[in-house]
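Just so we're on the same page: letters track the sequence lines, and every chain starts at 1.
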Protein chains: 2
Amino acid sequence: MITVKHVAQAAGVSPGTVSNTLTGKRPVSAKTRARIFQAIEELGYKPNLLARSLVNRRSHFIAVITSEIDQFGPSRILSGIEAQAEELGYSLLLSLMRDPSQADVESTITNLVARGVDGIIWAVHQVGNNRRWFTRERRKKLPPIVFVTMEPKPGFTIINSNNRAGAALAVNHLIDTGCRVIGHISGPLDWWEARERLTGWRQSLAQAGLENTDDLVARGSWSAESGEAALHQLLSQRSDIDSIFLGNDQMAIGALQAAHRRGYTIPHDLALVGFDNIPESRYLWPPLTTIHQGLFEIGKVALQTAHDAIEYPDEFIAKQITHQPELIVRESTGVVHSSGQA
Amino acid sequence: MITVKHVAQAAGVSPGTVSNTLTGKRPVSAKTRARIFQAIEELGYKPNLLARSLVNRRSHFIAVITSEIDQFGPSRILSGIEAQAEELGYSLLLSLMRDPSQADVESTITNLVARGVDGIIWAVHQVGNNRRWFTRERRKKLPPIVFVTMEPKPGFTIINSNNRAGAALAVNHLIDTGCRVIGHISGPLDWWEARERLTGWRQSLAQAGLENTDDLVARGSWSAESGEAALHQLLSQRSDIDSIFLGNDQMAIGALQAAHRRGYTIPHDLALVGFDNIPESRYLWPPLTTIHQGLFEIGKVALQTAHDAIEYPDEFIAKQITHQPELIVRESTGVVHSSGQA
DNA sequence: TTGTACGCGTTATCAC
DNA sequence: GTGATAACGCGTACAA
C-alpha cells in the first residue's frame, strides 16, 4: 500500500507537505507541488480515507436506515438520498430493518455511530410507536438525525409529504367528476401515513357536505391482495358506492382486478384514485388516476438537511419541511363536470 | 468521546488489557475482566470501528454498486445482499450508477477502495461493454469483486440467473397449452439478459420445430410503455400470433393494456408470459403467468461469496454460481393440453 | 496475566 | 514555504 510517506520520499519532501498539497489548507510552492503531483501519479497514490476520518473526526459517511426497499416509496426516497450524497461527497451506509414495527433500533444505531457516521437519515415508515427510542437524551449523544415520512414533532427534523392534502386532491377530484358516494380503502391504521390519508378523505367529504361514515371505509394492508379483498368488503357494506379513494397504488391494482371480476366498467360503474404514482399506474387498465409525491426530491432534501446539520451545527435548528403532492388525472376517473376538462 | 484509555483508567488497568478483554485474543483473569466490563458499562464505551479498521486492515465494509434501485430486480438483489451482510457483520456502502451504460467506473471504485472496503459487489446490469474496465491487471490491485447478473467469463466470480432456461420454461409452457405461433417482445439487445432470453426463446422454438423468425420479435426497452408499443408492432408484423413471451413483467403490463384496448380476451385471443414475477404480476388482469428468479437468494449468495473471498483469500478461486428460475402459472396463459393440469 | 511502546495513515501544531 | 513531532483510537509484539 502506498502512503503519504512513500510519496514524500519520492518527491523529496516531508509527509506534511504532501498533505498540505492535497488538502490545500496551507500554501505550497508551485514547483514542489508539481513534484508531489508527479510522485502521486507515478506511484498511484490514493489517500486512505479511514485514516483521514480518524484524525479529522469527520468520516463523510451518512447512514440511511430504511425498510421494504423493494417497495416504490422507500426505493425512490433512497435514490434521492444517494443522488444528493454523491453531489455532496458523502458515502452512504445502508441498513435495512426487516420488521419496521419492532425494530432493534438500539443495536443498529450504536453500530452506525461506532462506524463514525457524520449523520443519520431515518427513513423507516412510522408504524405503531417505533420512533419512541429517539428520546431527547439519546439524540443528544448522537450525530444529527433527519427523519423522513414521520408525524411532525417539536425538536425533530422531519422531511415530509403532505398526505392530508394529497387525499384532499383525490377526493375533490372525485367530487368534481360527479361522484357522490366516495369510499376509502385505507392502509393499516398503525401507520401514520394511512391515518393521515384517512383523515384527509374524511375532512374533504365533510367540507363538501358528503357522507364520510365508517361503512364507507375498508382497511387494507398496502398490498394488491388486500386491495382486492377490501373492494369486495366495501361493496358489500355499501352497494351504492360510486367511487373509491385508495391509500396506495398497489391496493388499487388489486381493486382494479376485483372490479373487473365483478364485471364493472371503470370509471363508469366505479371511479378509482390511487396514491403514489408508481410507474406501473400509467399502464394499468384503465390507467390509474393517482397522487404523485415527490419522493426523489424528498430524499435529496433529507440528505441536504443532514449535511446542513453536520456542517453548521451551531446555526442549525430542528426544522420540518413538507412537500405538496399533486394530482395525476388518468382514465380511472371520469371527466370533470363542474368547469374544467380532463 | 470515551476511549479505551478512559475505560482502562476507570478499571485500573492498561489499555492493552481492555483491548484483550474485548477481542478475546489474549487471556484475561476473570476478576479484572469483570472490572473492565463494569467500567465499559458505566462509561457507555463503544469501540471506534474506524480506528479498529485502520490497525486491523479489515473494515468490515462491503461496497455494493448497482443501478435503477426503484426497479424490482435490483432492489430485490440488494435486499438479499443486505440480509446476508447483517448476518455476517458487514456494513454496506451503497453506490448507485445513474447511467449503467457509461458509468464512470474508475472514480467510483477508487473512492470505495480509498474508503477501505474489504470487498465489492458489482450488481450493475451488463449493458453494452460496461464491464470492460475490469481488466485482470486492475482487479489484481482491488479487493475481491463479485459480479451479479453478468455473462460468464473465466477468472470472474459471477452469481447469475439462468435466463435461457427461464425463457425455455416460458416458451415450453406456451407450447404445452396449445400455442403454435409464439412471438417475443425482448428487452434492449445491448443488455446481456435480454439477449439471453431472446436466445432461449429461439432455441426452444427450434427444438419444438416451430417458427422463430425475426418477424416474430419486437424490441422493447423494459418499460411498460415500450411493451405497449411492441405489442402493436408485433401484431402488425404477424397477425397470426397466438401468444407472446415477454422479456419482463413491466412490458407485460403495457402489453396487457394494449391487448385490452384492441378488444382481445386473454388468454383466449392471445396468451402472455412475463419474466421476473414482480409482486403486482399476480394482480394484473388477468393474473400474469411469469418466470420467477430467486433474486433475493442471489443477493445473499453474492455477499456470502464476497465474504468467502475476503476471509480465505488463498483457498478462494473464481467461481460462477447459476440459479435456476421457475415457472409461475397464472391466468394469462391457457390450460395445459398435453397431459398436465393448470 | 498484565503493562509498555509502537504502528496503522493521516492531519495539525509548532518551530524554522 | 517547509520539516519535525504529536495525536486520532485501537491492536499487538515484547518485556515484565
Side-chain angles (χ1 to χ4, degrees), chain A residues 1-37 39-40 43-61 89 91 110-118 143, chain B residues 1-37 39-40 43-61 89 91 110-118 143:
Chain A
M1 169 173 261
I2 309 292
T3 75
V4 265
K5 290 187 181 174
H6 299 122
V7 175
Q9 191 170 10
V13 294
S14 75
T17 306
V18 176
S19 176
N20 291 335
T21 306
L22 253 29
T23 63
K25 296 191 179 173
R26 303 252 171 255
V28 176
S29 79
K31 56 184 176 188
T32 60
R33 178 165 24 179
R35 280 215 314 281
I36 288 170
F37 275 129
I40 287 174
L43 296 172
Y45 166 75
K46 295 288 169 193
N48 181 325
L49 298 184
L50 250 42
R52 188 176 276 181
S53 301
L54 188 60
V55 53
N56 279 345
R57 298 159 160 291
R58 276 285 247 109
S59 65
H60 289 272
F61 283 133
S91 287
T110 55
N111 178 51
L112 292 170
V113 172
R115 292 279 191 189
V117 298
D118 293 336
Chain B
M1 167 173 265
I2 310 292
T3 75
V4 267
K5 288 186 183 175
H6 300 121
V7 175
Q9 191 169 10
V13 294
S14 74
T17 306
V18 176
S19 176
N20 292 334
T21 306
L22 252 29
T23 62
K25 296 191 179 174
R26 304 247 172 257
V28 177
S29 79
K31 56 184 176 188
T32 60
R33 177 164 26 178
R35 281 214 315 281
I36 289 170
F37 275 129
I40 287 174
L43 296 173
Y45 167 74
K46 295 288 169 194
N48 181 325
L49 298 184
L50 249 42
R52 188 176 276 182
S53 300
L54 190 60
V55 53
N56 280 345
R57 297 157 163 294
R58 276 284 246 108
S59 64
H60 289 271
F61 283 133
S91 287
T110 55
N111 179 49
L112 292 170
V113 172
R115 293 278 191 190
V117 299
D118 293 336

Inset, instruction - Select from B:Leu54 and B:Pro15 the residue whose nearest nucleotide in DNA chain D is closer to the 5' end of that strand. - result: B:Leu54
Please report, rounded to the nearest Å, how far the [atom2] atom of [N] is from the [atom1] atom of [X].
X	N	atom1	atom2	value
A:Arg26	C:dT13	CZ	P	7 Å
A:Asn20	C:dA12	CG	P	8 Å
A:Met1	C:dT10	CE	P	7 Å
B:Ile36	C:dG3	CD1	C1'	12 Å
B:Lys31	C:dT2	NZ	P	9 Å
A:Arg35	D:dG3	CZ	C1'	13 Å
B:Leu50	D:dG11	CG	P	13 Å

Which of the following nucleotides, [options], is nearest to the side chain of [X]?
X	options	answer
A:Val28	C:dG9, D:dT2, D:dT12	D:dT2
B:Asn56	C:dT2, D:dG11, C:dT10	D:dG11
B:Ser14	D:dT12, D:dG3, C:dG3	C:dG3
A:Pro47	C:dT1, D:dG9, C:dT10	C:dT10
A:Val55	D:dC8, D:dG11, D:dT2	D:dC8
A:Asn48	D:dT12, D:dG1, C:dT10	C:dT10
A:Ser29	D:dA13, C:dT11, D:dT2	D:dT2
A:Arg57	C:dC8, D:dG9, D:dG11	D:dG9

Sugar-phosphate only, base, or nothing, as touched by [X] at under 4.0 Å among non-hydrogen atoms:
X	value
B:Thr23	sugar-phosphate
B:Val13	sugar-phosphate
B:Lys5	nothing
A:Gly12	sugar-phosphate
B:Thr3	sugar-phosphate

Determine: side-chain N/O of [X] to OP1/OP2 of [N], distance under 4.0 Å, yes or no.
X	N	result
A:Thr32	D:dG1	no
A:Thr17	D:dT2	no
A:Arg52	D:dC8	no
B:Lys25	D:dT12	yes

Inset, instruction - Check B:Val18, B:Asn20, B:Thr21, B:Val7 against B:Val13 for a side chain to side chain contact (heavy atoms under 4.5 Å, CB included) and give me the one that passes. - result: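 So, applying the side chain to side chain contact (heavy atoms under 4.5 Å, CB included) to B:Val13 and each of B:Val18, B:Asn20, B:Thr21, B:Val7, only B:Val18 qualifies.
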Inset, instruction - May I ask you to test the A:His60-B:Arg115 pair for a side-chain heavy-atom distance under 4.5 Å? - result: yes
Legend entry - Validation row: B:Ile2, B:Ile40 side chains within 4.5 angstrom (heavy atoms):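 No; the side chains remain at least 4.5 Å from each other.
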Inset, instruction - Hey, which sits more toward the 5' end of DNA chain C by its nearest nucleotide, B:Gly16 or A:Lys46? - result: B:Gly16
Inset, instruction - Assess whether atom CZ of A:Arg58 is packed by more than 12 heavy atoms of other residues, nucleotides or ligands within 6.0 Å. - result: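 Yes, because the 6.0 Å sphere around CZ of A:Arg58 holds more than 12 heavy atoms from other groups.
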